[in-house]
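Below you'll find the structure, written out as structure tokens, and then a few comments.
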Number of protein chains: 2
Amino acid sequence: MLTQSEENYLKAIYALSETGGEAISTNLLAEKMATKPSSVTDMVKKLSDKGFISYQKYQGCDLTVIGKKIALEIIRKHRLWEVFLVEKLNFGWEEVHEIAEQLEHIQSPKLTDHLEEYLGFPKVDPHGDPIPDKNGLFEVLNKSIPLSELNVAEKGIVIGVEDGSSDFFQFLKRYNIGLGTEIIVAEKFSFDQSVLVKVNHTEISFSSLVSNKIFIQKR
Amino acid sequence: MLTQSEENYLKAIYALSETGGEAISTNLLAEKMATKPSSVTDMVKKLSDKGFISYQKYQGCDLTVIGKKIALEIIRKHRLWEVFLVEKLNFGWEEVHEIAEQLEHIQSPKLTDHLEEYLGFPKVDPHGDPIPDKNGLFEVLNKSIPLSELNVAEKGIVIGVEDGSSDFFQFLKRYNIGLGTEIIVAEKFSFDQSVLVKVNHTEISFSSLVSNKIFIQKR
DNA sequence: AAAAATTTTTAGACAAGGCTAAATTAATCA
DNA sequence: TGATTAATTTAGCCTTGTCTAAAAATTTTT
Ligand SMILES: [Mn+2]
Ligand SMILES: [Mn+2]
Ligand SMILES: [Mn+2]
Ligand SMILES: [Mn+2]
């Protein structure tokens, strides 16, 4: 039985290994976990002793097969609960992440499976992220690309956003952007990577930070 | 923000104050929490410092108004989740208590209220226990009495059972006893307080331990 | 009203998870 | 290549919640 803290570390390591590919450095993980490198070193030793990650001093860490399995189970629970909150309890997609951070740690495989069935075996969560099945498998979805990779005059619809910060959702809400929203790139400015887009009949300038968090399917 | 441990103590103190009336002794609480008296002393000091219970050395403790409010919020969540698990996810009434022990600690008043609405504002949980509303109020239900208080030849239907031990639910299941089951008292034996009853066309002898955990409405 | 038994508290220790400051190793640059 | 900088680990301390053993207070018995 893992503690919540251990589970959160595994989840973070999984997320970092998805983007990057390399072994995950102590500092990187510390930043992701919003904690100190020394604390990470301690935890990483423990997780390594328990066989969930591989770790060598100064070389960073990476998930083992079993560690990855556990990480995917937590992600599965997180995303299923998010679907539940939005579909059944009428939460907005911007409100559910924090609550799912708690619910993802509930220990009951049977609960997870019943929930999945009750929700009709959803394939994606409210932010467009794929939901792993019982065996940790999920479809690699319609290759979505970040908005920042569209060229001028290209058009696409939003099929996902980076899940996490509540501020970011506030921002999206302000401009009425959600799954399915159409976005057209009007101009790109290379000096700061900002992009001028047309959304809902309004022109908006997105910083590169924003355009990298909105995922698009080309039209 | 209370820790899970603090919440569990408040819940236990509430439960003990419902049966008994007196201030709750350290040993009694230790037994209820399945922990050592010295640990209870520590926690009880902390809860007292925080204003959730009144406590004087050697005199036991009792909930303050605010402490009782919190205890009722946790009980409210526990029972709402139990209803959810049985009504929506098709769990058996004997399986839900352990899972609700975890879910009761999820922090989100909005979640609790949405869940309650989604469930149609249920008044009782799957074991016949009343569900406090947003303000901590609940109906004192159709005065149920323990089976042990029925006299010979009297008859009643099960409207509640003591929630908790999974073993006890196993036992009830074995004899096909659930909410609504009719029970007739055939004979009572004063030497050991056991009672011979007729249930589902079968005669069964219940120990006093059992007959005190089954709650009945007379017919 | 003592003595004995029981209950409760205190003292000291431990594991988990975190932090700061110092030491060490690795990486970069002159 | 050596010196400097950056990354990482170690050492030592803190808090929470638990435990055991010992001390103190209260209750019960004689
Ligand atoms: Mn999320
Ligand atoms: Mn989490
Ligand atoms: Mn219960
Ligand atoms: Mn609990």
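To find a chain, count down the sequence lines: A is the first, B the second, and so on, and within it residues start at 1. All of these numbers come straight from a predicted model, not from anything done at the bench.
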Whole-Å distance between [N] [atom2] and [X] [atom1]?
X: Glu31(A); N: dA7(D); atom1: CD; atom2: P; result: 11 Å
X: Glu6(B); N: dT18(D); atom1: CD; atom2: P; result: 10 Å
X: Tyr58(B); N: dA25(D); atom1: OH; atom2: P; result: 6 Å
X: Asn27(B); N: dT7(C); atom1: CG; atom2: C1'; result: 6 Å
X: Asp49(B); N: dT16(D); atom1: CG; atom2: P; result: 11 Å
X: Gln4(A); N: dT16(D); atom1: CD; atom2: P; result: 18 Å
X: Gln59(B); N: dT27(D); atom1: CD; atom2: P; result: 7 Å
X: Leu29(A); N: dA7(D); atom1: CG; atom2: C1'; result: 14 Å

Phosphate oxygens OP1/OP2 of [N]: is one of them under 4.0 Å from a side-chain N or O of [X]?
X: Tyr55(B); N: dT8(C); result: no
X: Lys45(B); N: dT10(C); result: yes
X: Lys57(B); N: dT10(C); result: yes

Exercise for review: Sequence neighbours left out, what pairs pass ring-ring contact (aromatic ring centres under 6.0 Å, His included) with at least one residue falling in residues 52-79 of chain B?
Suggested key: His78(B)-His97(B)

**Study point:** Residues from residues 11-18 of chain B lying under 4.0 Å of DNA chain C - heavy atoms
**Key:** none

**Study point:** Backbone N/O of Gln107(B) and side chain of Lys77(B): donor-acceptor pair under 3.5 Å
**Key:** no

Check your understanding: So, the side chain of Thr64(B) versus the backbone of Gly51(B): is there a donor-acceptor pair under 3.5 Å, distance only?
Key -> yes

Review point. If you measure from the Lys or Arg side-chain nitrogens to the Asp or Glu carboxylate oxygens, is any gap between Lys11(B) and Glu7(B) under 4.0 Å?
Key: no

**Study point:** Distance, nearest 0.5 Å, that separates OG of Ser148(B) from NZ of Lys213(B)
**Key:** 12.5 Å

Practice item. First locate atom NZ of Lys50(B), then atom CD1 of Ile66(B), and finally report the distance between them rounded to the nearest 0.5 Å. Key: 12.5 Å

Practice item. Return the residues of residues 32-43 of chain A meeting this criterion: a heavy atom under 4.0 Å from some atom of DNA chain D. Order them by number, or give none. Key: Pro37(A), Ser38(A), Thr41(A)

**Study point:** Residue of the set Asn135(A), Asp113(A), Thr112(A) for which side-chain hydrogen bond (donor to acceptor under 3.5 Å, both in side chains) holds with Arg76(A)
**Key:** Asp113(A)

Check your understanding: Can you name the one residue among Glu82(A), Glu162(A), Glu94(A) that meets side-chain hydrogen bond (donor to acceptor under 3.5 Å, both in side chains) with His127(A)?
Key -> Glu82(A)

Check your understanding: Checking Lys88(A) against Tyr118(A): charged group under 6.0 Å from the ring centre and within 45 degrees of the axis?
Key -> yes

